[in-house]
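In what follows, chains carry the letters A, B, and so on, assigned in the order in which the sequence lines appear, proteins first and then strands, with residues in each chain numbered from 1. Here the structure is a predicted model, which means the values were calculated and not measured.
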Number of protein chains: 2
Amino acid sequence: MNKKEMAHELLIKNNINVSYQRMKIMEYLIGNHNHPTVVDIYNDLKEQIPTFSKATVYNTMKLFEENNLVQSISIKEEEVRFDPDISFHGHFLCKECEKVYDFPVEIKGLKTSFEEEFNVENSYYFLKGFCPECKK
Amino acid sequence: MNKKEMAHELLIKNNINVSYQRMKIMEYLIGNHNHPTVVDIYNDLKEQIPTFSKATVYNTMKLFEENNLVQSISIKEEEVRFDPDISFHGHFLCKECEKVYDFPVEIKGLKTSFEEEFNVENSYYFLKGFCPECKK
DNA sequence: TTTAATGCAAATCGTTTGCATATCT
DNA sequence: AGATATGCAAACGATTTGCATTAAA
């Protein structure tokens, strides 16, 4: 099954009306590990979609997030990035090249009385520093 | 030792020149568990400081962060909050009342090959959901 | 008196909003 | 047709910048 088929199936399965733009964005996200911003998505797709607009990307990413097709990552203050991998894992931001890396996290001993009192819906583990390429 | 004395000592100890504004901001932060934004700090102090400006708050918080007197928390996309407690602990954002709560975190089994390759300088653990008062 | 901090206004940038147009069902 | 999605431009809000003024060393 190719990306187009996967994208189509994902939209249908989540009761999201299919449109050309939504398909293109979903195809772009599938298998993408670059944690793109709205502007990244917009820039990378505007050639393919003559009348493409940022507002559509904002609308679409909001819709995808509400339907748990992506998670939003605000590891860097000014901008929101998106990750099509919605499983819990860590994100590392390199302060030099600004790349975001995924990494596995195993958090043990976290269940405390806190999680009985609070209704936790989302969790994020962020690290910042320098990646192998950028550390001297 | 009162807040004024504590604030003064903290600035001196970190080789930060003392000014009226910096003192006021530091006094405001000491013992504050509200995770204020720049705008919060500005609003809460502007009565006491007639000519106060947001630019000064931005400058000062940047300086404080560089000197490890506060940590910045970008748990909510649009805004940066500050925490005078620089120890590692979790932050919980209530989606309803938007309050940010601190909680202790014990992360075990995290040392992986990842942390040997990457030079980690900061870490954050964020949760989102509904606090005891806001969950139905 | 020389350096550093402050304050104001303008600029920037990501994001949101309103509304008209186009596209699906 | 009727509902929904798209696109454009204007609005917004947090943050940054430039520069003149003021305070501190």
### Task
Map B:Gln21 and A:Val18 onto DNA chain C by nearest heavy atom, then report which one ends up closer to the 5' terminus.
B:Gln21
#### Entry: Over 12 foreign heavy atoms within 6.0 Å of NZ, B:Lys135
yes
### Query
Roughly how many Å is it from OH in B:Tyr58 to P in D:dG18, rounded to a whole number?
17 Å
### Task
Respond yes when some side-chain nitrogen or oxygen of B:Ser19 is under 4.0 Å from OP1 or OP2 of C:dA5, and no when none is.
no
### Query
If you look at every strand shown and take non-hydrogen atoms under 4.0 Å, does B:Val80 touch a base, only sugar-phosphate, or nothing?
sugar-phosphate
### Message
Could you tell me how far apart A:His8 (NE2) and C:dC24 (C1') are, to the nearest whole angstrom?
### Response
13 Å
### Query
What integer distance in Å separates A:Glu65:CD from C:dT15:C1'?
14 Å
### Query
Does the side chain of A:His91 pick up a donor-acceptor pair with the side chain of A:Asp102 at under 3.5 Å?
yes
### Integer-rounded Å distance: C:dA22 P and A:Asn59 CG
18 Å
### Query
Is B:Glu78 salt-bridged to B:Lys76, cutoff N-O under 4.0 Å?
yes
### Message
I'd like to know whether the aromatic ring centres of A:Phe92 and A:Phe103 sit less than 6.0 Å apart in this structure.
### Response
no
### Query
Between A:Glu27 and A:Ala7, which heavy-atom pair has the shortest distance, and what is it?
CG-CB, 3.8 Å
### DNA chain D contacts made by residues 43-53 of chain A, counting heavy atoms under 4.0 Å
A:Thr51, A:Phe52, A:Ser53
#### Entry: Ring center gap for A:Tyr101 and B:Phe118 short of 6.0 angstrom
yes
### Task
Rounded to the nearest angstrom, tell me the gap between atom NZ in A:Lys54 and atom C1' in C:dG14.
8 Å
### Task
Rounded to the nearest angstrom, tell me the gap between atom CD1 in A:Ile25 and atom C1' in D:dT6.
11 Å
### Task
Is it possible for you to check whether A:Lys46 lies under 6.0 Å from the centre of the six-membered ring of A:Phe52, through NZ or CZ, and within 45° of that ring's axis?
no
#### Entry: Shortest side-chain distance from B:Ala55, nucleotide among D:dT17, D:dG7, C:dT6
D:dT17
### Query
D:dT22 P sits how many Å from B:Arg22 CZ, rounded?
19 Å
### Query
For A:Asn17 and D:dA5, is the shortest distance between a side-chain N/O and OP1 or OP2 below 4.0 Å?
yes
### Query
Whole Å only: how far is the CD atom of B:Glu78 from the P atom of D:dG13?
11 Å
